[in-house]
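Any value given below was found using the heavy atoms of this structure, including those in side chains, with hydrogens, waters and symmetry copies removed. All residue numbers in this chain count up from 1 along the given sequence.
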Amino acid sequence: MARRVFRTCRDLGIGTVAVYSDPDAGSPHRTEADRSVRLPGATPAETYLRADLLVAAARAAGADAVHPGYGFLSENADFARAVVDAGLTWIGPPATSIDAMGSKVEAKALMAAAGVPVLQLNEVTEADLPVLVKASAGGGGCGMRIVRALADLDAEVETARAEAASAFGDPTVFVEPYVEAGRHIEVQVLADAHGTVWSLGERECSLQRRHQKVVEETPSPFVTPELRAALSDAAVTAARAIDYVGAGTVEFLVRADGAFFFLETNTRLQVEHPVTECVTGLDLVAWQLRIAAGERLPAEPPAPTGHAIEVRLYAEDPAQDWRPVSGPVHGFDVPGTAFAVPPAAGIRVDAGVVAGSVVSTHYDPMLAKVVAWAPTRAEAAARLAAALANARLHGPTTNRDLLVRSLRHPAFLAGETDTAFFDRHGLDVLAAPLASDDEVALAPLAAALALAAGRRRDAAVLGDLPSGWRNVVSQPQRTAFETAEVSYRLTRDGLQGPEGVELVSAEPHEVVLTVHGVERRLSVAVHGDDVWVDGDGWSVPLRVLPRFPDPSAAVAAGSLVAPMPGSVVAVHVSVGDRVTAGQRLLVLEAMKMQHPVTAPADGVVTSVDVVVGAQVEAGAVLTVLEET
């Protein structure tokens, strides 16, 4: 978000100041700002949630305005007041408007009084299930839990409270009916301080994981002109009810029958604002700045044109329950224009990382937003899928393959995009690798040939001979990866390997093969023992196995290890406890979410190797379970 704001500020001739925590010291937003101020510490509570430090940073840097971004304190009325009290301009709505929407509980009551439909639930009974526990002070999926059994309600409420307190500094949660297959549709509003309120159309945000949006688009394929008018009227009513000023979003849950209910008002710019910019031609950040300077909006907003779709590219593994992944980003190349200010036909990439960045365990794992605009929805989906499929993403596992398969799925193309999309169509299908079985088999050969070419390039002597060449024919070359082993022989006459495969050329970063008469050009990126092979619309990651495994890396049978780096926030068992399959043993916190570690089978706890507050690395032994 900081990079996005800086992009517009540069266009308008406005200087910029970045704040950064210690884990973000290498973030590109720091180097792109004209000035930057360090916030000592790592956790949000130590840094980005400290209003006093942020105001002090602004004053020390000579800033005269503060843009709150989206997240952390962006919807905190006390922060807005602190900014204004310090003599700075707040690029957002008045603190009173934030107060009115800051508590989702109070916001619902206010909207009901204004005549906007709301979902309400006072006491949970068996007949109300399933229900949704939600954080009152924030969003983004933190502090949200589905409850399908009354016996689970208390535990899920406590988990939601802990997540909400960590992310937003407020543990308040509430419960509402959960609509299994509703649509999440929101309306972008823009209001000035002179009484003009614009509705800039709806955004469909129904494809979600962990109640956090993954794919967003405008216009919605579900919304009719009549429903669009009703949603726009309700959004403008909501904005006027709280005397809103600036850019904001009114979110609704829409049932299959077209009935809709107010969810919340985000008193800030949204992650998905680029799709609105693409179809309207507006720079919403520029308008935030103009409105804060007292400018008036024209009487009517521009008419939208075309269709825009945005996806959120995350460092996570959808096949492993959306597990977030951290680590260094070795390569990040998504075809498109960075932070393109609309109108822009084609691909726009709003990224928070570059090659060399490190995905930290302290914050949300979103890497980038990739947006496509086209005259039609089908063309936008095709453009976006192709850009993602051909991206070079070398580093932590991402949700790229899931995004591409979702954009190409017949149900998505037909507009069947409710909140149950991933459950209905199955992660085993949607998260499957884009590479075919033949391409998966081809990747280790290409990687082995590139590695061999690199060794010959670096050889001090006999560099013109094939790697592994001998005067007397001996064993073939073998290279072992975690997921495959490849065997081949290179001679002066060429490659002796899989049937139907011929070597055209092999360089350390590119291998060209002819496969059954078809030439295939494969790029190979090597970073230590990690290798990425990229083809035409697919990518296969590999890890070279050491010739001699390190015995110290072995763990005892029954060890449960940390799936990611994080901190231990709860330990529920002791040595000697008998546990049942699925029972919660301990809880890790990483990337703004809590991740329970459960027993894989019935057994007895024979060792507990961590305590609450411990920081653990991925692969660290947490506890040992002897199965019974």
Side-chain angles (χ1 to χ4, degrees), residues 129-135 141-167 173 178 208-212 314-326 361 365 396-397 399 422-423 426-428 431 554-628:
L129 298 173
V131 296
L132 184 64
V133 182
K134 297 178 70 174
C142 292
M144 298 180 71
R145 298 277 163 169
I146 300 174
V147 180
R148 302 185 183 278
L150 280 180
D152 298 334
L153 181 60
D154 289 346
E156 296 292 10
V157 165
E158 286 307 309
T159 299
R161 282 175 175 161
E163 289 181 352
S166 175
V173 299
Y178 179 63
Q208 302 181 3
R209 61 93 169 102
R210 288 182 169 172
H211 319 296
Q212 191 169 36
Y314 285 103
E316 66 182 9
D317 189 349
Q320 298 296 322
D321 194 28
W322 310 98
R323 179 184 299 163
V325 185
S326 60
T361 61
T397 301
N399 64 338
F422 292 134
D423 293 333
L427 288 181
D428 56 336
V555 298
S559 296
L560 300 182
V561 300
M564 71 201 77
S567 60
V568 179
V569 296
V571 177
H572 298 296
V573 293
S574 302
V575 174
D577 287 356
R578 289 187 172 273
V579 298
T580 57
Q583 182 175 333
R584 185 175 296 194
L585 306 181
L586 50 86
V587 180
L588 290 178
E589 184 171 271
M591 293 176 160
K592 294 171 61 178
M593 300 291 286
Q594 292 197 350
H595 309 273
V597 176
T598 59
D602 296 351
V604 176
V605 178
T606 60
S607 175
V608 178
D609 295 76
V610 294
V611 296
V612 173
Q615 298 290 321
V616 297
E617 294 299 321
V621 176
L622 304 173
T623 182
V624 180
L625 185 68
E626 181 181 333
E627 292 189 20
T628 57

Engineer: Would L588 and V569 count as a side chain to side chain contact (heavy atoms under 4.5 Å, CB included) if you check the C-alpha gap in whole Å, the side-chain angles of each, and the deciding distance to 0.1 Å?
Structural biologist: CA-CA 6 Å; L588 290 178; V569 296; over 6 Å; no
Engineer: Would you check if R578 and V604 make a side-chain contact, meaning some heavy-atom pair closer than 4.5 Å?
Structural biologist: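 Of all side-chain heavy-atom pairs linking V604 with R578, at least one is under 4.5 Å.
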Engineer: So which of V147, I146, V173 actually passes side-chain contact (heavy atoms from CB on, under 4.5 Å) with E156?
Structural biologist: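 Single pass found, and it is V147.
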Engineer: Identify the heavy atoms of A319 and A431 that sit nearest to each other, and give their distance.
Structural biologist: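 Closest heavy-atom pair between A319 and A431: N-CB, 4.3 Å.
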Engineer: Counting C-beta onward and ignoring hydrogens, is there a side-chain heavy-atom pair between V587 and H572 closer than 4.5 Å?
Structural biologist: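 V587 vs H572: side chains touch.
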Engineer: Are the side chains of R323 and H595 in touch, meaning some heavy atoms are under 4.5 Å apart?
Structural biologist: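 Of all side-chain heavy-atom pairs linking H595 with R323, none is under 4.5 Å.
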Engineer: Quick check for you: to the nearest 0.5 Å, what is the distance between L585 atom CG and S574 atom OG?
Structural biologist: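 Interatomic distance, L585 CG to S574 OG, rounded to 0.5 Å: 11.0 Å.
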Engineer: Short question: side chain of E163, backbone of Q594 - any donor-acceptor pair under 3.5 Å?
Structural biologist: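 Checking the backbone N and O of Q594 against the side chain of E163, a donor-acceptor pair under 3.5 Å is found.
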Engineer: Are any side-chain N or O atoms of R210 and backbone N or O atoms of D321, one a donor and one an acceptor, separated by less than 3.5 Å?
Structural biologist: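 Yes, the answer is positive, given that a donor and an acceptor are paired below the 3.5 Å cut-off.
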Engineer: If every non-hydrogen atom of N399 is compared with every non-hydrogen atom of P318, which pair is closest and at what distance?
Structural biologist: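 Smallest heavy-atom distance, with atoms named: CB-CG, 3.8 Å.
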Engineer: Looking only at atom types and distance, does a side-chain atom of D577 sit under 3.5 Å from a main-chain N or O of V605, one as donor and one as acceptor?
Structural biologist: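 Judged by distance alone, no pair lies under 3.5 Å.
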Engineer: Look at the rings of W322 and F422 and say which category their plane angle falls in: under 30° parallel, 30 to 60° tilted, over 60° perpendicular.
Structural biologist: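 The rings of W322 and F422 sit tilted, inter-plane angle from 30° to 60°.
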Engineer: Distance-only check: which donor-acceptor pairs under 3.5 Å involve side-chain atoms of residues 611-619, not counting sequence neighbours?
Structural biologist:
none

Engineer: Holding to side-chain hydrogen bond (donor to acceptor under 3.5 Å, both in side chains), I want the full list of residues that pass it with R148, two or more places apart in sequence or in another chain.
Structural biologist: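 Once residues adjacent in sequence are excluded, the partners of R148 under the side-chain hydrogen bond (donor to acceptor under 3.5 Å, both in side chains) criterion are E180.
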Engineer: What are the two closest non-hydrogen atoms of L560 and T598, and how far apart are they?
Structural biologist: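 Of all heavy-atom pairs spanning L560 and T598, the closest is CD1-O, 4.1 Å.
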Engineer: Give me the atom names and distance for the closest heavy-atom approach of D609 to V621.
Structural biologist: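 Residues D609 and V621, closest heavy atoms: CB-O, 3.5 Å.
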Engineer: If we ignore hydrogens and angles and just use 3.5 Å, is the side chain of T606 paired with the main-chain N or O of V624 as donor and acceptor?
Structural biologist: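 The answer is yes, because a donor-acceptor pair under 3.5 Å joins these two groups.
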Engineer: Mind checking whether T361 and S567 have side chains closer than 4.5 Å, heavy atoms only?
Structural biologist: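 Side chain of T361 against side chain of S567, heavy atoms only: no contact under 4.5 Å found.
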Engineer: Side chain to side chain contact (heavy atoms under 4.5 Å, CB included) for H211 and L132? Distances and angles first, verdict last.
Structural biologist: CA-CA 10 Å; H211 319 296; L132 184 64; 3.8 Å; yes
Engineer: For the CG atom of L427 and the CZ atom of R209, what is their distance to the nearest 0.5 Å?
Structural biologist: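 The CG atom of L427 sits 11.5 Å away from the CZ atom of R209.
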